[in-house]
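Side-chain atoms are counted along with the backbone in the values below, which use heavy atoms only and exclude waters and symmetry mates. For reference, positions follow the sequence shown, starting with 1.
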Amino acid sequence: MKNDIPLLRLKGVTKDFSGTVVLENVSFDLHRGEILGLVGENGAGKTTLMSILFGMPHISETGGYGGSILIDGKEVHFRTPFDALDAGIGMVHQEFSLIPGFTTTENIMLNREITKPNIMVDIFGPRMSVLDRTAMTVRAQSAIKRLGVEIDSQTKISEMPVGHKQFIEIAREIDREKMRILVFDEPTAVLTESEADILLKAIKGLAASGIAVIFISHRLHEIRDICDRIVTLRDGKTIRDVRAKETDVSDIAASMVGRTVTEEHLKRQAELNAKETVTLPDEKILTVEHLWVDMPGETVKDVDFSVRKGEIFGIGGLAGQGKLGIPNGIMGLFPAGGKVIFDGTELRLNDPESVLKNRLAFVSEDRRGVGLLLDESLDWNISFTAMQVKGMFLKSYFGGLFKLRDEKAMRRNAEKYIKMLEIKCTSSRQRAKELSGGNQQKVCLAKAFCMEPSLLFVSEPTRGIDVGAKAIVLDVLRRYNRQNGTTIVMVSSELEELRSVCDRVAIISGGTVAGILSPREKPAEFALLMSGIKQPEAGK
């Protein structure tokens, strides 16, 4: 039976950045062993609210917040994440914070290493302590076991697929002593369906042990299935607080966006778009032959395909099968070999600058690690690559003797894309790290559009963004392709996304192309290819 005093209570929490209110009078309670779903569109205030709860430094650096946070009925003020950790609050962030060169065990036990006594400590002090790696491995394996997955404790983070990294992040948090509240920010966004099922079961187990959970996800069916209560934020305000069994997915979506936009609506749109007939020229703009890519967790072994000029070509498949390795290898981010011919010219692999100069652009699935300059403004982020590679947004002085940035042109350019992609921000001068994950994703798209490429690789374009923003991004990609004639190669884990915008879809399994289908094919045909059963190419 739950204690009458909530474990966590937020009362009238308010926050503004430079006079722009992003949270206004947000209030809700969280009890022991309860799973609370927190939903809202990108930019609704979820990330800022969790940053306040977890004591992130940029909150105090920008004037702090209004309202109060109480734990066990006592008001608390967290100035750093260490304060929150000491109070028993853990957070699994949407973006990974793991050390690539460290093993599973080393990442889980970081800053909580177990040492064993030795004679040198007695003489020279604790600096001579030696790690008890056996005990650390046992602890790490125990945390992983609680999640119901099998991951080698000695594998380096750089060598594992993205889904395993997410489990390591979670294992690190649940290993902490006195953990009472866990915040999950889009924990299943990078997981396969089977991995997501395992994680959701584990979260229920954590709640059953008495840990309170705040679960943030744009997968509304997960919210509905796993949570006890659901709180909706819209435009920084608490719109409603309802028991999960008293609502449904359509109702949740409507509360988020203030209009009826559901996952079923997107599915129907995918079916309609799959019936759309677009006449494309037979001219091939991209030909890939025997491509291999050494990308940890997404190895490409032997891939052949071609892309027609002006089409949207989809690449799908299960996690870890190699689909993400294809654009990363072609764009030079990981070692690659084979032959890639673009517009009649063979590209020089393993040379990113050369590829960019050949009018190709890339929106990476790793928006924070590869896509953004987090501490820089939006206008700088959007313009940077075009400036470096194409010399755009530069003014020449003294006959070209030296050049300076054209700040006004950069600002006008950023404002154009902010409007086009409906990026929620205070202005083009706002820093990228202050935006929600979905809006950061839109900035990455704007940065690629600014390159005015002939071919654009887009990898996981809607990962971690809400159903309303997802529709906007997919629509923008479709319109950009049709209006500008830009060829787009779109990589996605979401089959319905691929069917909704692509002219053809290649399925990758085991590092090779299992088959290429028309979006008009039945989902069962795609599932067959994902299982590794190869078929002749279709939809040519």
Side-chain angles (χ1 to χ4, degrees), residues 280-281 283-295 298 300 303-315 322-367 369-372 381-393 413 417 441 443-461 473 476-478 480-492 498 501-504 506 508 513:
L280 293 167
E283 181 183 355
K284 294 177 181 177
I285 192 171
L286 181 73
T287 302
V288 177
E289 298 176 357
H290 304 297
L291 177 71
W292 61 263
V293 183
D294 187 13
M295 179 178 178
E298 287 285 347
V300 178
V303 160
D304 296 88
F305 65 88
S306 59
V307 179
R308 297 171 186 158
K309 190 171 186 177
E311 81 171 321
I312 303 180
F313 184 83
I315 299 178
K323 66 179 185 295
L324 295 177
I326 293 171
N328 277 281
I330 293 174
M331 297 302 296
L333 298 182
F334 288 92
K339 182 183 287 188
V340 179
I341 300 170
F342 175 69
D343 207 13
T345 301
E346 184 173 349
L347 296 179
R348 198 159 64 231
L349 296 177
N350 307 303
D351 186 349
E353 185 178 4
S354 172
V355 176
L356 288 170
K357 286 182 176 179
N358 272 281
R359 307 187 321 283
L360 283 82
F362 180 35
V363 178
S364 172
E365 70 282 352
D366 183 5
R367 60 186 173 232
V370 175
L372 296 172
N381 267 277
I382 293 171
S383 306
F384 180 74
T385 305
M387 185 187 301
Q388 292 290 312
V389 176
K390 302 180 70 174
M392 298 171 65
F393 311 110
N413 178 65
Y417 288 115
Q441 186 77 318
V443 173
C444 292
L445 277 172
K447 175 183 173 184
F449 290 161
C450 188
M451 288 285 290
E452 300 175 349
S454 295
L455 186 145
L456 172 63
F457 283 105
V458 185
S459 191
E460 302 289 8
V473 167
V476 166
L477 285 172
R478 191 188 300 109
Y480 193 83
N481 163 260
R482 301 303 188 226
Q483 292 173 8
N484 298 285
T486 304
T487 305
I488 295 176
V489 178
M490 175 174 155
V491 183
S492 176
L498 295 171
V501 298
C502 297
D503 300 299
R504 293 183 300 148
I508 308 301
V513 177

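Residues passing the salt bridge (Lys or Arg N to Asp or Glu O under 4.0 Å) test with Lys357 are Glu353, sequence neighbours excluded. Every residue was checked against the ring pair (Phe, Tyr, Trp, His ring centres under 6.0 Å) condition with Phe342, not counting sequence neighbours, and none meets it. Residues forming a salt bridge (Lys or Arg N to Asp or Glu O under 4.0 Å) with Glu460 (at least two apart in sequence, or on another chain): Arg463.
In this structure a side-chain-to-backbone donor-acceptor pair under 3.5 Å is present from Gln441 to Pro461. Under the 3.5 Å distance criterion, the side-chain polar atoms of Asn481 are matched with a main-chain donor or acceptor of Gly310. Although no hydrogens or angles enter the test, the distance criterion places no donor-acceptor pair under 3.5 Å between the side chain of Glu298 and the main chain of Met295. In this structure, Lys390 contributes its side chain and Met451 its backbone to a donor-acceptor pair below 3.5 Å. Using modelled atom types, one side-chain atom of Asn350 and one backbone atom of Ala336 make a donor-acceptor pair closer than 3.5 Å.
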Pair Val501-Met490, side chain to side chain contact (heavy atoms under 4.5 Å, CB included): steps then yes or no: CA-CA 9 Å; Val501 298; Met490 175 174 155; 3.5 Å; yes
Could you check Val293 against Ile326 for side chain to side chain contact (heavy atoms under 4.5 Å, CB included), going step by step and ending with a plain yes or no? CA-CA 7 Å; Val293 183; Ile326 293 171; 5.8 Å; no
Should Cys450 and Asn413 be marked as a side chain to side chain contact (heavy atoms under 4.5 Å, CB included) after you check the CA-CA gap, both sets of side-chain angles, and the distance that decides it? CA-CA 8 Å; Cys450 188; Asn413 178 65; 3.4 Å; yes
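Side chains of Asn484 and Glu452: no donor on one and acceptor on the other come within 3.5 Å.
When all heavy atoms are compared, the tightest approach of Leu456 to Pro453 is CB-CG, 4.1 Å. The heavy-atom pair separating Phe313 from Ala506 by the smallest distance is CZ-CB, 3.7 Å.
In this structure, the side chains of Thr487 and Leu286 stay at 4.5 Å or more apart for every pair of heavy atoms. Using a 4.5 Å heavy-atom threshold, the side chains of Glu365 and Asn328 count as touching. For the pair Phe457/Leu360, a side-chain contact is recorded, criterion being any heavy-atom separation below 4.5 Å from C-beta on. For the pair Val355/Phe362, no side-chain contact is recorded, criterion being any heavy-atom separation below 4.5 Å from C-beta on. You'll find the side chain of Asp304 stays beyond 4.5 Å of the side chain of Val513, heavy atoms only. Side-chain contact between Cys444 and Leu372: present, with at least one pair of heavy atoms (C-beta onward) separated by less than 4.5 Å. No side-chain heavy atom of Lys339 sits under 4.5 Å from any side-chain heavy atom of His290. At a threshold of 4.5 Å between non-hydrogen side-chain atoms, the residues Leu477 and Leu445 count as touching.
In this structure, the separation between NZ on Lys447 and CD1 on Ile382 is 10.5 Å, given to the nearest 0.5 Å. Distance CE/Met392 to OG1/Thr385: 11.0 Å, rounded to 0.5 Å. Here the SG atom belonging to Cys502 is positioned 8.5 Å from the CD atom belonging to Glu311, to the nearest 0.5 angstrom. Here the straight-line distance linking atom CZ of Phe305 with atom CG of Leu291 works out to 7.5 Å at 0.5 Å rounding. In this structure, CD1 in Ile330 is found 7.5 Å from CG in Leu349, a value given to the nearest 0.5 Å. Distance check, rounded to the nearest 0.5 Å: CD1 of Ile285 to CZ of Arg359 gives 7.0 Å.
Under the 30°/60° scheme for interplanar angles, the aromatic rings of Phe449 and Tyr417 are found to be tilted.
Looking at Lys309 and Asp503, no side-chain N of the basic residue comes within less than 4.0 Å of a carboxylate O on the acidic one, giving no salt bridge.
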